[in-house]
Protein chains: 2
Amino acid sequence: MDPLRTRLIAEATRQFVERGFDGASMREIADACGVTKAALYYHYAGKADLLRDIVAGYLDQVAAVVAAGRRATPKFADQLRAIVRGLFALPVESRAIMRLALHDLRHLDDADREAFAADYQTRFLQPLTDVVRGGIEAREFTPHHPTTVVWLLLGMLYPFFSATPRATDESQIVADLLDVLLSGLTARR
Amino acid sequence: MDPLRTRLIAEATRQFVERGFDGASMREIADACGVTKAALYYHYAGKADLLRDIVAGYLDQVAAVVAAGRRATPKFADQLRAIVRGLFALPVESRAIMRLALHDLRHLDDADREAFAADYQTRFLQPLTDVVRGGIEAREFTPHHPTTVVWLLLGMLYPFFSATPRATDESQIVADLLDVLLSGLTARR
DNA sequence: CTCCACCTACCGAACGGTCAGTAGGAGAAT
DNA sequence: ATTCTCCTACTGACCGTTCGGTAGGTGGAG
């Protein structure tokens, strides 16, 4: 449909992830796509506009993973498992956007940033928190502050959400992660 | 002794943490200290030189925390507890440097970056890994890949190592974190 | 003829970094 | 006591480069 627009977003994602928002340059993004900077500005209003589209697309992906994980199974522990596996199954460039979103969101103008933050809360953090809270209320999990548990879970993912993979055998990492996390959440006191 | 040099490093840390390495400007760092940019360059060879000193000071702090935690107690689980509490007890600006070091290390020249990476490995990651491995060998912890466990632990800390604190009651977070992590590591299969 | 998609050419601003110059104090020589 | 020298710790003006962004033109498709 719109191959240049798609290629520009892909290239911008690559550069933002690799060099950060500030470190990336509009000229190099355009050059890498074989067009001039003016062509880039024809399709996107500005640098922040690129970032906004990138993080919005990322949010769509992770929100879909969480929603699918919740639908997949009734047991809350299995929902968590499905969600973590789903997040690891995202293409590596998508995962790296997690870092980008956390770090460079400040470059969006106030309205866009607040809109993203609100969407992130309702479409990603809130459903995740609901899984944890549901697990605690169903006595599947030991009682902890659900929000804190979600932060711990996302933090555990963080080191592996890099553009440069930490290890070749990711399935072992996912297994260890889920084992430590779920043992920690389900251990009897 | 050397108050300007100290103030420059403190201000540079503040700006690097707040706006990132690329986003911070030498002029503004100097301005905030009430001197010109040239004065800054009299004390530091360049922007990367500032970053090098900042992350080196950070490494000294976290290495000291790990060493103290290892000495404090013979039980490996208690060593982990002491280390996590020690890391959370660091001043908030020190903790934020963890993000800085992970993200902006690429701005150091090859020699400095490799030197830091080596120091980080031997003085921080290795001792931490030894605690986990020791705990596994002593059958305090369930068997997992020690390196992975260290990454999971550091990741769990990560969301709380921000310049803007996540919560007012950090002791509750530390307690939840240690509970989830150590339950996860000590649960019987 | 018009409009889309793109180009060339350029803008002002900010960047990291450099350089000659100098205020002011310490030390030695006279 | 005075002068000369030297050094540290700066200043202010400036360098070339790169930045995000824009104005106006052009060629091809319908």
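Worth saying up front: this structure is predicted, and the values here are computed from it rather than measured. So you know, we letter chains A, B, ... as the sequences are listed, proteins then strands, and number each from 1.
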_Spacing of A:D22 atom CG relative to D:dG20 atom P, expressed in whole Å_ = 9 Å

_Least distance between heavy atoms, B:V66 atom then B:P127 atom_ = CG1-CB, 3.5 Å

*Choose from D:dA9, C:dC7, D:dT11 the nucleotide whose nearest atom is closest to any side-chain atom of A:A39.*
C:dC7

*d(CG, B:L50; P, C:dC15) in whole Å*: 15 Å

*Do any side-chain nitrogens or oxygens of B:H43 fall under 4.0 Å of OP1 or OP2 in D:dT8?*
no

*Among the nucleotides C:dC6, D:dG21, C:dT18, which one has an atom lying closest to any side-chain atom of B:Y41?*
C:dT18

*Using atom CG of A:L8 as one end and atom C1' of C:dA5 as the other, report the distance to the nearest whole Å.*
12 Å

*asked:* Categorize A:A48 for me: base, sugar-phosphate, or nothing, with a 4.0 angstrom heavy-atom threshold over every strand shown.
replied: nothing

*Using whole Å, report how far OH of A:Y42 lies from C1' of C:dC7.*
13 Å

*Between atom CD in B:Q15 and atom P in C:dC15, what is the gap in whole Å?*
10 Å

*Would you call the rings of A:F116 and A:Y120 parallel, tilted or perpendicular, where under 30° means parallel and over 60° means perpendicular?*
parallel

*Quick one: A:K47 NZ to D:dG20 P, roughly how many Å, whole number?*
4 Å

*asked:* So, OP1 or OP2 of C:dC7: does either fall under 4.0 Å of a side-chain N or O from A:T36?
replied: yes

*Under 4.0 Å between a side-chain N or O of B:R27 and OP1 or OP2 of C:dC15?*
yes

*Which heavy atom in A:H107 sits nearest to a heavy atom in A:A48, and how many Å separate them?*
O-CB, 3.8 Å

*asked:* Heavy atoms from C-beta onward define the side chain here; which of C:dC15, D:dC10, C:dT8 lies closest to that of A:A38?
replied: C:dT8

*Interatomic distance where CG belongs to B:L4 and P belongs to D:dT8 [whole Å]*: 16 Å

*Report yes if some heavy atom in the side chain of A:R70 is under 4.5 Å from a heavy atom in the side chain of A:D130; otherwise report no.*
yes

*Under the side-chain hydrogen bond (donor to acceptor under 3.5 Å, both in side chains) test, residues paired with B:D31 that sit two or more places apart*: B:R27

*Below 3.5 Å, does any donor atom in the side chain of B:K37 face an acceptor in the base of C:dG16, or the other way round?*
yes

*Closest-nucleotide ordering on DNA chain D, the 5'-leading residue of A:G23 and A:A45*: A:G23

*Rounded distance (Å) that lies between atom C1' of D:dT22 and atom CG of A:L40*: 13 Å

